[in-house]
Number of protein chains: 2
Amino acid sequence: MQQSFMPEIAVCDCESIHEDVIAAVRGQMPEEDLMIDMAEAFRIFGDSTRVRILFALKAHEMCVCDISVLLGMTKSAVSHQLRILKQVNLVKHRKVGRVVYYSLADEHVETIFSACMEHVMEE
Amino acid sequence: MQQSFMPEIAVCDCESIHEDVIAAVRGQMPEEDLMIDMAEAFRIFGDSTRVRILFALKAHEMCVCDISVLLGMTKSAVSHQLRILKQVNLVKHRKVGRVVYYSLADEHVETIFSACMEHVMEE
DNA sequence: ATAATAGTTGAACAGTTGTTCAACTATTAA
DNA sequence: TTAATAGTTGAACAACTGTTCAACTATTAT
């Protein structure tokens, strides 16, 4: 899904390459890992089910059952998505008896959402 | 890929539903369309090839061939991704002879990138 | 102990996504 | 006109993703 940064051969048969531009840009590119991490972070938000769950939890702590009713989805589907959100530390949970309550892990979500919501609005 | 918001039946067999919480949260949820648009916007950034292209163009206007050399990818692969970025108005292009120069369409990208880069760093 | 319930999990499935390949258009040069 | 080149495009393919289903664990109640 990515490539290292040396090829420069066989990948392009062009003759009108702007080598100076390429060299300059290469010097300004961030670490490859950073760009991969960024893409992965964005991908988490790139699903409307997860976005809906995060908006719901932004409003109030909820159990899996509540969320599944709110979103009109099975508990299983919701649980799978909660697991993904938990893996990247966007949500946390506490267990009371057999009920598991989920909530936002921190304010990161709100920050990112409001920053990007403006962008979406403008398009 | 989404659901409308009335089911409330058959989707959850729970008996320990917090109906008051669900009602309150439902009142605070944004428009369904907004959440879908947000997810779609995030999905664009959710691929490392596109992120790398955007970082490259942030540094300098480039032709397809330059980008393909820089990233070590075929012109075709790059062109396909540029088309996606063009569709959502993140990049623009100008044609000089048979060379097509791409550049960022506005400062949106930089705003979003810097806002979200912090988030990625912190994790 | 037994039954019921909240939630989780893995396999399976369909739908989507990114890259490759080959064929194509458009522009330039001979 | 013809050949060469920058870039685009659609089909095909493999890899990935989200939901469903059935089976499972853990907790509570009888």
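Convention: sequence-line order gives letters A, B, ...; per-chain numbering from 1.
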For nucleotides 21-30 of chain C, just jot down a letter per nucleotide in 5' to 3' order: B, S or -, based on protein non-hydrogen atoms under 4.0 Å.
B----SBB--
Rounded interatomic separation in angstrom, taking [atom1] from [X] and [atom2] from [N]:
| X | N | atom1 | atom2 | answer |
| --- | --- | --- | --- | --- |
| A:Arg83 | C:dT9 | CZ | P | 7 Å |
| A:Asp47 | C:dT17 | CG | P | 11 Å |
| A:Leu82 | D:dG18 | CG | C1' | 14 Å |
| A:Leu85 | C:dG7 | CG | P | 16 Å |
| A:His93 | C:dA6 | NE2 | P | 18 Å |
| B:Arg43 | C:dT16 | CZ | P | 10 Å |
| B:Phe42 | C:dT17 | CZ | P | 17 Å |
| B:Arg94 | D:dA6 | CZ | P | 17 Å |

For A:Gln28, enumerate each residue passing the side chain to side chain contact (heavy atoms under 4.5 Å, CB included) test, keeping only those at least two apart in sequence or located in another chain.
B:Ala59
Partners meeting side chain to side chain contact (heavy atoms under 4.5 Å, CB included) with B:Gln81 (sequence neighbours left out)
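Once residues adjacent in sequence are excluded, the partners of B:Gln81 under the side chain to side chain contact (heavy atoms under 4.5 Å, CB included) criterion are B:Asp47, B:Thr49, B:Arg50, B:Ile53, B:Ile84.
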Heavy atoms from C-beta onward define the side chain here; which of [options] lies closest to that of [X]?
| X | options | result |
| --- | --- | --- |
| A:Arg50 | C:dG18, C:dA6, D:dG18 | D:dG18 |
| A:Ile84 | C:dT8, D:dT9, D:dG18 | D:dG18 |
| A:Val64 | D:dG7, C:dT8, D:dT8 | C:dT8 |

So, using salt bridge (Lys or Arg N to Asp or Glu O under 4.0 Å) as the criterion, who are the partners of A:Glu61 when residues are at least two apart?
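Once residues adjacent in sequence are excluded, the partners of A:Glu61 under the salt bridge (Lys or Arg N to Asp or Glu O under 4.0 Å) criterion are A:Arg94.
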For B:Tyr102, which contact category applies under a 4.0 Å heavy-atom criterion: base, sugar-phosphate, or nothing?
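Sugar-phosphate contact only - B:Tyr102 comes under 4.0 Å of backbone atoms but never of a base.
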Qualifying ring pair (Phe, Tyr, Trp, His ring centres under 6.0 Å) pairs with a residue from residues 46-95 of chain A, counting only residues at least two apart or across chains:
A:Phe55-A:Phe113, A:His93-A:Tyr102
Could you tell me the Watson-Crick or G-U partner of C:dA29, where both distances fall under 3.5 Å? Say none if there is no partner.
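Pairing partner: D:dT2.
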Nucleotide forming a Watson-Crick or wobble pair with C:dG15, both distances under 3.5 Å:
D:dC16
Residue-phosphate contact under 4.0 Å: B:Gln81 side-chain N/O, C:dT17 OP1/OP2:
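Result: no.
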Taking only the side-chain nitrogens and oxygens of A:Thr49, find out if one of them lies under 4.0 Å from OP1 or OP2 of D:dT19.
yes
Nearest atoms (heavy-atom pairs only) where B:Lys58 meets B:Glu110:
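Taking B:Lys58 first and B:Glu110 second, the nearest heavy atoms are CE-OE1, 3.5 Å.
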A:Leu90 and A:Phe45: which non-hydrogen atoms are nearest, and at how many Å?
CD1-CZ, 3.9 Å
Hey, which of B:Leu104, B:Val109, B:Leu54, B:Leu57 is the one that makes side-chain contact (heavy atoms from CB on, under 4.5 Å) with B:Leu85?
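With B:Leu85 as partner, side-chain contact (heavy atoms from CB on, under 4.5 Å) holds for just one option, B:Leu54.
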